[in-house]
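Reading through the C-alpha cells given below for one structure.
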Amino acid sequence: MSQISETSPKHCAKKGGININNRRKKLFFTFSTFFIGLLLIIFLIWLTLHPAKPEFSLTEADIHTLNLSSSATHLLNSSIQLTLFSKNPNRKVGIYYDKLLVYAAYRGQQITSEASLPPFYQSHEEINLLTAFLQGNELPVAQSFGYQIVRDRAIGKVIIGMKMDGKLRWKIGTFVSGAYRFNVNCVAIVAFGPNMTTDPLASLQGTRCSTDI
C-alpha cells in the first residue's frame, strides 16, 4: 500500500512566506554590507586626503578716505584698497570658491560696504593674488567713532580689520563636495600720525589671517 502525502494549502502558504522573508533578509544584508563598505571607503579617502583650510595673508591695506561727513549725524565716508594672497596648502585637493564678500571694520563696527570678489578655482598648492576696493558712503557709526580716531591718530597708528565671508567646495579627483561656509579675519596696522597728510595711508607690514570653516 502506497503512502499518500497530502499538503494543505495553509502549509504551502507558510512555507512560501518563509522563503520570501529569507529573500528580504538576504537583500537587506547585501545592501547593508554594500552601504557600510561604501561609507568605509569614503571615510578612508577622507582620512587620507583630509583637506587643510585655505590660508590667507593680507599684504597691503591703503586707506584713501576715512572721515565723518557730519559729526552731528555720525555718518562715515571711507575708501580702502586691500591686497591679499590666498593659498591652497593641499597637495591633492582643489578648492572652488563660489562666493566671497569682503568688508573692512574698525573697533568692531563695519566701516565699508561689502565688496563681492569673482568666484574662482584654486588648484593644488596654488597661490592667488586677490584685490578689493572697499567703499562706504555715509555709513552710520557709533558716536564714539570720532573720539577713537582722534586718539589713534595721537598714538600714531590705526588698526583696521578685514573680514571675508564666503562659501567653498573641495575637489578630490572627480568628486566635488557640498558647499561649506568659511570666514577670514585679518588685521592691518596703518600708520596714522598727526602730521601725516599724504594719500593713501599705508599698512606698516603684512599679516597672516585666521580662517574658520
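Scope of the values below: all heavy atoms of this structure, side chains included, with no hydrogens, waters or symmetry mates. All figures in this text were calculated on a predicted structure; none of them were measured in a lab. FYI, the numbering just counts along the sequence from 1.
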- Task: Before giving the answer on side-chain contact (heavy atoms from CB on, under 4.5 Å), spell out for V190 and D62 the whole-Å C-alpha distance, their side-chain angles and the decisive distance to 0.1 Å.
- Result: CA-CA 8 Å; V190 180; D62 297 331; over 6 Å; no

- Message: To the nearest 0.5 Å, what is the distance between CD1 on I160 and CZ on R107?
- Response: 9.5 Å

- Between CG on residue L82 and CD1 on residue I63, distance to nearest 0.5 Å: 9.5 Å

- Query: K171 pairs by side chain to side chain contact (heavy atoms under 4.5 Å, CB included) with which of V176, I95, V93?
  - Reply: V176

- Separation between NZ of K87 and OG1 of T211, rounded to the nearest 0.5 Å: 12.5 Å

- Query: Roughly how far, to the nearest 0.5 Å, is NZ of K163 from SG of C186?
  - Reply: 9.0 Å

- Hey, mind stepping through L66 and L201 against side-chain contact (heavy atoms from CB on, under 4.5 Å) and telling me if it holds? CA-CA 10 Å; L66 190 66; L201 303 175; over 6 Å; no

- Closest heavy-atom pair and its distance - L134, A104: CD1-N, 3.7 Å

- Query: Ignoring hydrogens and geometry, is there a side-chain-to-backbone donor-acceptor pair from T65 to N77 under 3.5 Å?
  - Reply: no

- Hey, what do you get for CE (M164) to CG (L58), rounding to the nearest 0.5 Å? 9.5 Å

- Atom of R169, atom of A179 and distance for their closest heavy-atom approach: CG-CA, 3.8 Å

- Message: How close do Q81 and T131 get, counting heavy atoms only, and between which atoms?
- Response: NE2-CB, 4.0 Å

- Is it true that I155 and Y106 fall in one hydrophobic cluster, defined by side-chain heavy atoms closer than 4.5 Å? no

- May I ask whether Y147 and L75 are part of the same hydrophobic cluster, defined by side-chain heavy atoms of I, L, V, M, F, W, Y residues being less than 4.5 angstrom apart, directly or through others? no

- Answer yes if V184 and L101 sit in the same cluster of Ile, Leu, Val, Met, Phe, Trp and Tyr residues linked by side chain heavy atoms under 4.5 Å apart, and no otherwise. no

- Note on the structure: dist L129:CG -> S86:OG (nearest 0.5 Å) comes out at 10.0 Å

- Minimum heavy-atom distance between N90 and A52, given as atom pair plus value: OD1-N, 2.6 Å

- So do I149 and L68 actually touch side chain to side chain, heavy atoms under 4.5 Å? no

- Query: Would you say L168 and P54 make side-chain contact, with heavy atoms under 4.5 Å?
  - Reply: yes

- Task: Could you tell me how the ring of Y97 sits relative to the ring of F182: parallel (under 30°), tilted (30 to 60°) or perpendicular (over 60°)?
- Result: perpendicular

- In the single-linkage hydrophobic clustering (I, L, V, M, F, W, Y; side-chain heavy atoms under 4.5 Å), do L100 and F133 co-cluster? no

- Task: Would you check if C209 and N185 make a side-chain contact, meaning some heavy-atom pair closer than 4.5 Å?
- Result: no

- Query: Can Y180 be reached from V102 by stepping across I, L, V, M, F, W or Y side chains whose heavy atoms are under 4.5 Å apart?
  - Reply: yes

- Is any side-chain N of the basic residue among E55 and R208 closer than 4.0 Å to the acidic one's carboxylate O? yes

- Item | Positive for side chain to side chain contact (heavy atoms under 4.5 Å, CB included) with Q109, one of L76, L139, V141 | V141

- Look at the side chain of D212 and the backbone N and O of N183, then say whether any donor-acceptor pair between them is shorter than 3.5 Å. no

